[in-house]
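Read through the structure below, which is laid out as structure tokens, and then see the notes.
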Amino acid sequence: MKGHFRASIVETGELQAVKSKTVLMPWLGWHYGRMKISKLVDEGTEVQIGDFLLELDNSSIVKYIREKEDELMLGQVELKRLQTKYHNAALQIKSRITAAKASYVL
């Protein structure tokens with residue numbers, strides 16, 4: 001037979017990137033709960049080093065930081081109270097020692 005030859009081929013499956021890299025999220029600890037992704041770069045977008053790939057919802061981190069700041073403030077207040085208490089106790093002991101010395105001299 002002479003003439004044009006045409007053939008159609010149908011292929012199914014997935015395309016694989018020529019160069020790809022897996023990006024792992026750092027473990028932030030159990031304090032913050034499960035992190036939620038608020039923004040994500042579109043799939044298939046070519047990115048460069050330094051580009052943002054995703055944005056995490058930081059509300060749980062902000063809440064944790066505020067709680068720790070409150071705890072720190074309460075700890076500092078307690079520290080001041082104890083410093084004042086022990087300073088006063090030291091002054092009382094010094095005055096008792098002075099009174100005891102004076103009593104001994106007499």
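These numbers come from a predicted model, not from an experiment.
Atom CD in Gln92 sits 11.0 Å away from atom NE2 in His87 (nearest 0.5 Å). Here Thr12 contributes atom OG1 and Glu14 contributes atom CD; the two are 10.5 Å apart, rounded to the nearest 0.5 Å. Taking OG1 of Thr84 as the reference point, atom CG of Leu79 lies at 9.0 Å (rounded to 0.5 Å).
Every residue meeting the side chain to side chain donor-acceptor pair (under 3.5 Å) condition with Arg81, not counting sequence neighbours, appears here in chain and number order: Glu78. Residues meeting the side chain to side chain contact (heavy atoms under 4.5 Å, CB included) test with Asp51, sequence neighbours left out: Val47, Gln48. Every side chain to side chain donor-acceptor pair (under 3.5 Å) that Asp57 has, sequence neighbours left out, goes to Ser59.
Hydrophobic clustering, defined by side-chain heavy atoms of Ile, Leu, Val, Met, Phe, Trp and Tyr closer than 4.5 Å, leaves Phe52 isolated from every other such residue. Members clustered with Leu74: none, using a 4.5 Å side-chain heavy-atom cutoff among hydrophobic residues.
Among pairs with a residue in residues 87-106, none fulfils salt bridge (Lys or Arg N to Asp or Glu O under 4.0 Å), at least two apart in sequence or across chains.
Side-chain contact between Asn58 and Leu56: absent, with no pair of heavy atoms (C-beta onward) separated by less than 4.5 Å.
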